[in-house]
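Presented below is the structure to which this report refers.
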Amino acid sequence: MLDIKFIRDNKDLVQMGAKKKHIDFDVEELLKVDDKRRELISEIEKKRAEQNETSDKIVRISDPVEKSEMISKMQALKSELQKEEEELKTVMHDWQSLMVRVPNIPDMSVPEGNSDEDNKEISTWGEIPKFDFTPKSHMELMENLNMLSLERGTKVAGFRGYFLTGDGARLQFALWQFVNDYFLKKGDWFPMIVPSLVRREAFMGTGYLPQGEEDLFKTQDGEFLSGTAEVSLMGYHMDEILDKKDLPKKFIGFSPAFRREIGAHGKDTKGILRVHEFYKFEQVVLCEASHTESVKFHEEIQANTEGIMQALGLPYHVVINCAGDLGLGQVKKYDIEAWLPSENKYRETGSASYFHDFQTRRLNIRYRDDDGKMKFVHSLNNTALSGRPLIMIVENYQNADGSIRIPDVLQQYMNGQKIISKK
RNA sequence: GGAGGGUUGGCAGAGUGGUCUAAUGCGCCGCACUCGAAACGCGGUUGGGAGCAAUCCCUCACAGGUUCAAAUCCUGUACCCUCCGCCA
């Protein structure tokens, strides 16, 4: 959500931002509603002031005739007030539903474009592996090595269900432990295991709702299953006033992640590239309300994730998302995509975004700045480790005989094991 | 799942229709005192909104309702606590 005052003062900028993101939003329509809102508020406040003043007099006055005159005058005022309040309620409803749809303005450095096809590569790392044999898919490799059971996965869980078994489970645990240690060694990251079953507010606050409800699993009690720990991590300080001296806050959260993948029924149906549930480490940063700070931490969380990919020896590239591929609240986003040999292309393993105060305004997370003013903190997030790097490791580290070399940094978490091969 | 109790400012806690502009205490900030400090004393201390300003409006979990007037009465919702039941 943007500040209405900011929108009023910068309506052209906001309109251009929406256009750049290819989001259909009419700023003028919002401003018209806002004019009505402000007019009604000022009317209502005038009447309330009169009501308050007269109420004071009613208490003090002793003459019963004068008193009942005042009361009937107030009765009349009340019915007028009620009419206006009713009108305001309608206007507020329209106003709010427009306000939550105002897109945040993309950064200058964000390229124009319509979809992910227009994203621009900005860096690459690592050597794309050359095989002197036809590389197998992670599905084939893992099932052969008893690391994965898709058949039983679908039997038990249905479409996109899977079991990680044996060395598949061990390798996944090794990855988690590696990532946990990676942030532990950095020292200033606060680890959390967070809820995935989350109420509506945090989804509204992070910008996943109200639009996009069909992407979420929902319980019969009205909670949603979150697709990322970001939702809970951002909700953690909801409605709080933080101490400036505690900023920045750097959270590394771990949680199951649920994705309904409702618009992707025919996509990536082989293997476990696209699944309904997986586990994920997510970085979230809350920092001072400064663009410079946001940019600084955006680069930092991006470097963290690249550091993990490099330690794992996974070739990847980074793309900057074009404006049309940005979410409502995002100012700028990098996607990190690792090489997937079986598809002969890069596939996304995570994305790093910053939002300025778009999320924290909705979540009401503030701090008092040195000038004495309350400000909304800035928020950022980035995947640290999704479920996909496991797949990338299996495919990139495969040998001709179908065995899989274990990346050096993971061996200590696999009891020294160096290779996964058929037993 | 059942029964009961609760939710008030940074914290504790009083207030059960009108002077609540929310007592009191603690904490915090300032002033005074002091060589300096503690104690004592005095003053201040929720957040948001409208307006050029004076000023005004809202805010006692949230949403409705009753009333000329609601922290206070009624209804619903959320959360917390206690006990019972169930359960890892």
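Quick note on labels: first sequence line is chain A, next is B, and so on, each numbered from 1.
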Worksheet item: Considering only the P atoms, how many Å lie between B/A78 and B/C29, rounded to the nearest integer?
Response: 41 Å
Discussion item. For A/Asp243, is there an ion pair with A/Lys245 - N to carboxylate O distance below 4.0 angstrom?
Written reply: yes
Worksheet item: Could A/Asp35 and A/Lys32 be called an ion pair, given the rule that one side-chain N must be under 4.0 Å from one carboxylate O?
Response: no
Discussion item. Between A/Glu214 and A/Arg260 (salt bridge meaning N to carboxylate O under 4.0 Å), is one present in this structure?
Written reply: no
Discussion item. Output the rounded distance in Å from CE (A/Met74) to P (B/C68).
Written reply: 12 Å
Worksheet item: Given Watson-Crick or G-U pairs with both distances under 3.5 Å, what dot-bracket string fits RNA chain B, with | for other-strand pairs and [ ] for crossing?
Response: ((((((((.[[[..)..(.....]]](((((.........))))).((((....))))..[[[[[..)....]]]]])))))))....
Discussion item. Can you give me the closest heavy-atom contact between A/Met414 and A/Ile406, atom names plus distance?
Written reply: CE-CD1, 3.7 Å
Worksheet item: Expressed in whole Å, how much space separates the P atoms belonging to B/U8 and B/C56?
Response: 29 Å
Item to complete: Using whole Å, report how far CG of A/Asp3 lies from P of B/G48.
Response: 12 Å
Discussion item. Check A/Glu50 with A/Lys46, please: is the shortest side-chain N to carboxylate O separation under 4.0 Å?
Written reply: no
Item to complete: Pick base, sugar-phosphate or nothing for A/Met374, based on heavy-atom distances below 4.0 Å to the nucleic acid.
Response: sugar-phosphate
Discussion item. Counting only side-chain nitrogens and oxygens, does A/Gln51 get under 4.0 Å of the OP1 or OP2 atom of B/A69?
Written reply: yes
Fill in: Separation of the P atoms in B/G10 and B/A22, to the nearest angstrom
14 Å
Item to complete: Can you tell me the distance, in whole Å, between the CG atom of A/Asp221 and the P atom of B/U77?
Response: 14 Å
Discussion item. Regarding A/Lys5, tell me which of base, sugar-phosphate or nothing describes its non-hydrogen contacts under 4.0 Å with the strands shown.
Written reply: sugar-phosphate
Worksheet entry | Value rounded to 0.5 Å, distance of CZ in A/Phe190 from CG in A/Leu233 | 10.5 Å
Worksheet item: Does NZ or CZ of A/Lys186 come closer than 6.0 Å to the centre of the six-membered ring of A/Tyr182, within 45° of the ring's axis?
Response: yes
Worksheet entry | RNA chain B contacts made by residues 77-96 of chain A, counting heavy atoms under 4.0 Å | A/Lys78
Worksheet item: OP1 or OP2 of B/G48 less than 4.0 angstrom from a side-chain nitrogen or oxygen of A/Arg366, does that happen here?
Response: yes
Practice prompt. Considering only atom P, compute the distance from B/C60 to B/G5 and round it to an integer number of Å.
Written response: 23 Å
Worksheet entry | Residue whose closest nucleotide on RNA chain B lies nearer the 5' end, A/Arg368 versus A/Ile44 | A/Arg368
Discussion item. Measuring only the P atom in each nucleotide, how far is B/C62 from B/C79? A whole number of Å is fine.
Written reply: 16 Å
Discussion item. Please report the distance, rounded to the nearest Å, between CD in A/Glu66 and P in B/C68.
Written reply: 19 Å
Worksheet item: Is A/Glu282 paired with A/Lys280 through a side-chain N to carboxylate O contact shorter than 4.0 Å?
Response: yes
Fill in: Below 4.0 Å: OP1/OP2 of B/A78 and any side-chain N or O of A/Arg200
no
Worksheet item: Pick from A/Glu53, A/Glu85, A/Glu80: which one makes a salt bridge (charged side-chain N to carboxylate O under 4.0 Å, His left out) with A/Arg48?
Response: A/Glu85
Practice prompt. Provide the distance between the two C1' atoms, one in B/A14 and one in B/G1, to the nearest whole Å.
Written response: 36 Å
Worksheet item: Which value, in whole Å, describes the distance between the P atoms of nucleotides B/G17 and B/G13?
Response: 23 Å
Worksheet item: With the threshold set at 4.0 Å, does a side-chain nitrogen-carboxylate oxygen contact exist between A/Lys296 and A/Glu293?
Response: yes
Worksheet item: B/C68, B/A78, B/G49: which one has an atom nearest the side-chain heavy atoms of A/Arg199?
Response: B/A78
Worksheet item: Which value, in whole Å, describes the distance between the C1' atoms of nucleotides B/G9 and B/C28?
Response: 13 Å
Fill in: Interatomic distance where CD1 belongs to A/Ile241 and P belongs to B/G9 [whole Å]
12 Å
Discussion item. Applying ring pair (Phe, Tyr, Trp, His ring centres under 6.0 Å) to A/His276 and A/Phe217, what does each step give before you reach the verdict?
Written reply: CA-CA 10 Å; A/His276 284 315; A/Phe217 289 109; 5.6 Å; yes
Worksheet item: So, A/Lys218 and A/Glu213, do they make that salt bridge, N to O below 4.0 Å?
Response: yes
Worksheet item: Once each nucleotide of nucleotides 18-23 of chain B is scored for protein heavy atoms under 4.0 Å, what B/S/- sequence comes out, 5' to 3'?
Response: B-----
Worksheet entry | Whole angstrom value for the distance that separates P of B/C79 from CE of A/Met238 | 12 Å
Worksheet item: Which sits closer to the 5' end of RNA chain B, A/Asn52 or A/Ser72, going by the nucleotide each is nearest to?
Response: A/Asn52
Fill in: Whole-Å gap separating C1' (B/U46) and CD (A/Glu240)
16 Å
Worksheet item: Rounded to the nearest Å, what distance is computed from the CG atom of residue A/Asp239 to the P atom of nucleotide B/G9?
Response: 14 Å
Item to complete: Look at the aromatic rings of A/Tyr354 and A/His356 and report parallel, tilted or perpendicular, splitting at 30° and 60°.
Response: tilted
